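Computed over heavy atoms, backbone and side chain alike; hydrogens, waters and symmetry mates excluded. Predicted model, so just to flag it, every value in this text is computed and none were measured.
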Amino acid sequence: MIFLTFREDNVLKLGLKTEQGILDVQAASSALTLEAPGMPMDVFAPGMLAACDVIAQQLAKDVAPFQPFLKTEAALELGPAVANPSKILCVGLNYAKHAAESGMEAPKEPVLFSKFNNTLAAHGDEVAIGGLEQVDYEAELAVVIGKTAKNVSVDDALDYVFGYCNANDLSERRLQFVSGQWLLGKTLDDFLPLGPYLVTADEAGDPSNMPVRGWLNGELRQDSNTNDLIFSVAECISYASQYMTLSPGDVISTGTPEGVILGMDPKVWMQPGDSYSIEIGNLGRLTNKVVA
């Protein structure tokens, strides 16, 4: 299944992408007395994914009862693909060629850092960078946890995945390296667009073999594959779960491949008016413009 969130009357709602349009899940379930998630984060509650699958099957058989709750995607104001995760973890230097272009050694263990919910943005949102000097893009595969994970093995780790989405781990490089901590350059407002969709694991395919591409103003800058990951999605989940409990809806952004501005000579940083588009596997296209 393919989910998204959208804003309506200042409320963030859960949408289910179907051939007939975007289904307002909560409105349809209330009117038709169906079991379904209410708010977007409710989709991660036990049984709710199966409930959405039942709704999708009913809609495919008979669209008429659902027609009042179907919306045209192009008319929607989208929200972040994951609305309110309790944790956002990111993995640094996790592609071999990116570590090389950054002039850093490939890590022996996953390099984890965090972002906060203030960084969340949606497909199409504008990201303000006024006053910032060294803004860089990073196309990343984000994995979303589907059930509580603690001390899970690498072999079992993918069983804990709800789905995947595109992420742009925007970075301000001067702030990132102004101290020994990367946090400041990573957690600026709207510096983690997610979307446009959250694609369930069964539809997304093998996370170890997904093409990763990114375009700056239409110019292909990043062109790689998750098979260049130093630590696989399963290894990242397992590693993090040894030290912290991962909760349903938590996001792990798994690192970016080569082609970022940091690795270029000369470095021409993003400027107001620039846009960056990301496509990973079959997760759709995430595009955001930076503005003053």
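- Proximity of a side-chain donor or acceptor of Asn94 to a complementary backbone N or O of Thr254 within less than 3.5 Å is detected.
- For the atom pair CG (Leu194) and CG (Leu286), the distance works out to 7.5 Å, reported to the nearest 0.5 Å.
- Proximity of a side-chain donor or acceptor of Gln222 to a complementary backbone N or O of Gly259 within less than 3.5 Å is not detected.
- If you take CG on Leu192 and CG on Asn168, they are separated by 8.0 Å, rounding to the nearest 0.5 Å.
- Note that OG of Ser86 is 3.5 Å distant from CG of Asp250, once rounded to the nearest 0.5 Å.
- Looking only at distances, a side-chain donor or acceptor of Ser29 sits under 3.5 Å from a matching main-chain atom of Gln26.
- Under the 4.5 Å side-chain contact rule for hydrophobic residues, Ile230 and Val154 do not share a cluster.
- Within the model, atoms CD of Glu35 and SG of Cys52 stand 9.5 Å from one another, a figure rounded to the nearest 0.5 Å.
- Atom CD of Glu105 has 12 or fewer heavy atoms from other residues, nucleotides or ligands within 6.0 Å.
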Open item on the list: Between Val212 and Leu141, is the side chain to side chain contact (heavy atoms under 4.5 Å, CB included) condition met? List the steps.
Closed with: CA-CA 8 Å; Val212 181; Leu141 173 66; 5.6 Å; no
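- There is a path of hydrophobic side-chain contacts, each under 4.5 Å, that joins Leu93 to Tyr95.
- Across Ile55, Val63, Leu14, a single residue satisfies side-chain contact (heavy atoms from CB on, under 4.5 Å) together with Leu23, and that is Ile55.
- Each of Glu203, Arg285, His123, Glu73 was checked for a side chain to side chain donor-acceptor pair (under 3.5 Å) with Tyr197, and the lone residue meeting it is Glu73.
- Gln181 CD: 12 or fewer foreign heavy atoms inside a 6.0 Å radius.
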Task: Derivation of the side chain to side chain contact (heavy atoms under 4.5 Å, CB included) call for Phe44 and Lys147 - done: CA-CA 8 Å; Phe44 303 111; Lys147 58 183 180 180; over 6 Å; no
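- Atom-to-atom distance recorded for Met210:CE and Thr226:OG1 is 6.5 Å, nearest 0.5 angstrom.
- Rounding to the nearest 0.5 angstrom, the gap separating the OG atom in Ser277 from the CG atom in Asn166 is 10.0 Å.
- If you chain together hydrophobic residues whose side chains sit under 4.5 Å apart, Val199 and Val251 never meet in one group.
- The aromatic rings of Phe3 and Phe162 are tilted relative to each other, their planes meeting at an angle between 30° and 60°.
- Without hydrogens or angle criteria, Glu172 side chain to Gln134 main chain gives a donor-acceptor distance under 3.5 Å.
- Within a 6.0 Å radius of NZ in Lys97, other residues, nucleotides and ligands contribute 12 heavy atoms or fewer.
- Ion pair Asp169/Lys186 flagged as a salt bridge, since at least one NZ, NE, NH1 or NH2 atom sits closer than 4.0 Å to an Asp/Glu carboxylate oxygen.
- A distance-only check finds a donor-acceptor pair linking the side chain of Asn288 to the backbone of Ala122 [under 3.5 Å].
- Counting heavy atoms of neighbouring residues, nucleotides and ligands inside a 6.0 Å radius, atom NZ of Lys71 exceeds 12 of them.
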TODO: With side chain to side chain contact (heavy atoms under 4.5 Å, CB included) as the test, would you mind laying out the steps for Asp136 and Leu170 before giving the verdict?
DONE: CA-CA 6 Å; Asp136 206 348; Leu170 287 162; over 6 Å; no
